[in-house]
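Just below is one structure, and these are the notes that go with it.
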Amino acid sequence: MKTVRLTMAQALVRFLENQYIEVDGVQTPFVHGVFIIPGHGNVVGLGQALTQEAKKMKIYHGQNEQGMAQAAVAFAAQTKRKQICVATSSVGPGAANMVTACGTATANNLPLLVLPGDTYACRQPDPVLQQVEHTNSLATTTNDAFKAVCRYWDRIVRPEQLMSAMLSAFRVLTDPANTGAVCIALPQDVEGEAYDYPVSFLAKRVWRLERRPATEVALDEAAEAIKKAKRPLMICGGGVRYSEAHAEFLHFAETLGIPYGETQSGKSATDWMNPLNLGGLGTTGCSAANEIARKADLVIGVGTRYTDFTTASRWLFKDTCKFVNINVSEFQALKLDAVPVVADAKEALPRLEAKLAGYKPAYKDEVKVAKEKWLEELNRLDSIVYSEKKSWKPEINDANRSSVERYAKDVKSTLCQTTVLGAINHFMSEGDVAIGAAGSLPGDMQRMWRPTGIDTYNMEYGYSTMGYEIAGALGVKLAIGDKREVYAFCGDGSFNMLHGEIITALMEHKKINICLFDNASFGCINNLQVGHGNLTLCTELRQRNKDGLFGDFLNIDYAKVAEGYGCKGYTIRTMDELMAALEDAKKVKNVPVLFDIKVLPKTMTDGYSSWWRVGDTEVSEREENVACYNDMLAHLKDARKY
């Protein structure tokens, strides 16, 4: 057998360089690039290997380990899991910083490979810098924390272990049914140890994405269930986009006349204006989808995980509602006691459609009326203007409603969040991509957002990771190139948690548009807190006074923060300023842009025929808490038990 002597790290990089994926006969390199923050745990071994062996892969200098790994997650999402970026860190805190991003990847079924440095396999110099010692096991290190958030985990304690580890890693990374984060921990000494690797291991390797076919038995059973339904509803999940079944899903819906709702991951798989597209579904859904869903007698879920936000904590669908699930994952296909069709959506939908020739649901004009009603509501949300009249009510008119006027006084802005969101949406050009993750904006956007084209909506709402938005925008920009714009939508809470990859964007000459909605609070959590009978506690950015953190709202100039980095910044308090800034930003090239938009609290969208179960308090000194607990019990009577 022909061999080549390389260090473990050199062999790893050479292996990464030669991994390809084939989809429908087309081969492309699977590993686009590597994000690295060098430290003593990876700079000497893996750093040397990247310098020597990386030929095609791009090397990106990250600023925060979580941030660079989140950028890699967004990159994988935008490329529909057909290409990845790797993230590597030093040992200890640098490694631990990537744990959150691995949770993001695994929760959303997105491929992410992380290569954290590790302590010494030989243990000769223990305890080393940044090592956490465990008295019950010297084999346990910080990197064991990755196990709970990864689909596959391994540690290379001998250089020859690299071969079996990487083959298993890429088995998971290229498996649409079981993909997620993969962690390969690299002890510092082993990174530099040499081995005679077989040349065949390092040669070009093609991982074929096989489209799993549905069995005839499963399709027959699914067809029989659908034929009995009078009011079926389809759900367009992320699996539709990742399997590239956009056309097949739409053809199925249109041929049979079945309306559909969208999950966050499924949004932008089809034209939002399609008459059968009812929009966002579930807790953060709109009235059109939820009203039709509440009366559905059968749901055809395509590529969805049925999270609590999609099912409104399993309250949205009647007990008598049946389910047919098309999913490459057996685990997902069996949810909600469904008829499972374990198959690739692109392959299964046309074959199932053929078995339903002549079938028509019993809808008359309900779908049309529901959609028209929602379009009217959209127009209203686009046009809300604050008024000082006592009769004016914000969308969230709760016990903390006075924060609206206090914010207007302290920050000198009366912009309403839904109006601003609608204006930016209408301003964007065809093909521009929107990205978000946490706070009130995902709810607003699932309800209100009108995608500018197919696959132009990248919302991370499986893990709802605060701080994903800006890092993710960089990942999206690397995926789509410079001909299209990417707009990141984040609140001040997310921005303050993580925005360091702005610097990486500057280094790479990448323009990302950051739409920072500053309501000086964790707005959606304040709504949840107060709406469930509690007093405000640490959910608003206010100065301390004699009663606590209830003084003036902080008035932070985030535009100057951006300008300090070398970005273009705009401070916005009026609609005229917003439109002028958006127009002016078109002229900006190769640097990030930040729109510091001061928006009133409580002006985000409210729920539409939905519910969300949270941990209400059974016993409390506050009557409001007990009332909310009783309301939860009432909803549970109508919720599905499994």
Side-chain angles (χ1 to χ4, degrees), residues 35 37 39 41-42 62 64-74 76-77 81 84-119 121 130-157 161 164-166 168-187 238 264-265 305-309 329-332 334-335 437-438 460-468 471-472 497-498 614-615:
F35 282 95
I37 294 182
N42 67 345
N64 174 283
E65 292 87 358
Q66 184 194 158
M68 68 183 189
Q70 300 287 14
V73 174
R81 306 192 298 206
I84 66 169
C85 286
V86 178
T88 176
S89 75
S90 186
V91 65
N97 278 349
M98 296 196 295
V99 170
T100 299
C102 287
T104 303
T106 298
N108 290 281
N109 296 115
L110 292 168
L112 170 67
L113 175 60
V114 296
L115 304 172
D118 210 329
T119 58
Q130 298 182 335
Q131 178 174 350
V132 177
E133 291 187 279
H134 292 269
T135 55
N136 66 316
S137 172
L138 294 178
T140 301
T141 77
T142 296
N143 290 337
D144 287 81
F146 283 95
K147 292 178 179 178
V149 292
C150 287
R151 291 271 189 254
Y152 180 78
W153 182 96
D154 210 339
R155 177 181 283 125
I156 313 300
V157 297
Q161 289 178 346
S164 59
M166 295 313 297
S168 288
F170 274 75
R171 166 182 57 81
V172 172
L173 291 167
T174 58
D175 179 0
N178 296 296
T179 195
V182 169
C183 172
I184 306 296
L186 308 178
Q264 290 279 21
S265 292
R305 297 188 301 120
Y306 289 108
T307 67
D308 61 340
F309 268 68
S329 166
E330 185 177 29
F331 177 79
Q332 305 296 349
L334 286 165
K335 284 183 176 178
E460 190 288 289
Y461 213 56
Y463 215 46
S464 186
T465 310
M466 294 184 74
Y468 172 87
M497 283 194 179
L498 185 66
V614 292

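Hydrogens, waters and symmetry mates are skipped; everything else that's a heavy atom, side chains included, is used. Bear in mind the structure is a predicted one, so any value in this text is a computation, not a measurement.
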Fill in: Contact list for residues 84-105, test salt bridge (Lys or Arg N to Asp or Glu O under 4.0 Å), sequence neighbours left out
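Non-adjacent pairs meeting salt bridge (Lys or Arg N to Asp or Glu O under 4.0 Å): zero.
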Kindly give the heavy-atom pair with the smallest separation between [X] and [Y], and that separation in Å.
X      : Y      : value
Gln66  : Met466 : OE1-O, 4.2 Å
Ala72  : Phe35  : N-CE1, 4.3 Å
Met68  : Met98  : CE-SD, 4.2 Å
Ile156 : Ala165 : CD1-CB, 3.4 Å
Ala76  : Pro111 : CB-O, 3.6 Å
Gly67  : Ala471 : O-CB, 3.1 Å

Heavy-atom side-chain contact between [X] and [Y] under 4.5 Å:
X      : Y      : answer
Tyr152 : Arg171 : yes
Leu112 : Cys102 : yes
Leu115 : Val86  : yes
Leu113 : Met166 : yes
Gln70  : Asn64  : no
Glu65  : Val114 : no

Donor-acceptor pair, side chain of [X] and main chain of [Y], under 3.5 angstrom:
X      : Y      : result
Thr88  : Pro116 : no
Arg81  : Asn109 : yes
Arg155 : Ala121 : no
Asn178 : Ser329 : no
Asn108 : Thr104 : yes
Thr106 : Val149 : yes
Arg151 : Thr179 : yes
Asn97  : Gly94  : no
Thr465 : Tyr468 : no
Glu460 : Gly462 : yes

Value rounded to 0.5 Å, distance of [atom1] in [X] from [atom2] in [Y]:
X      : Y      : atom1 : atom2 : value
Glu133 : Leu138 : CD    : CG    : 7.5 Å
Ile184 : Gln161 : CD1   : CD    : 10.5 Å
Leu110 : Ser265 : CG    : OG    : 7.5 Å
Thr307 : Gln264 : OG1   : CD    : 9.0 Å
Asn42  : Ile37  : CG    : CD1   : 9.5 Å

Fill in: Verdict with reasoning, Trp153 to Asp144, per side-chain contact (heavy atoms from CB on, under 4.5 Å)
CA-CA 9 Å; Trp153 182 96; Asp144 287 81; 4.2 Å; yes
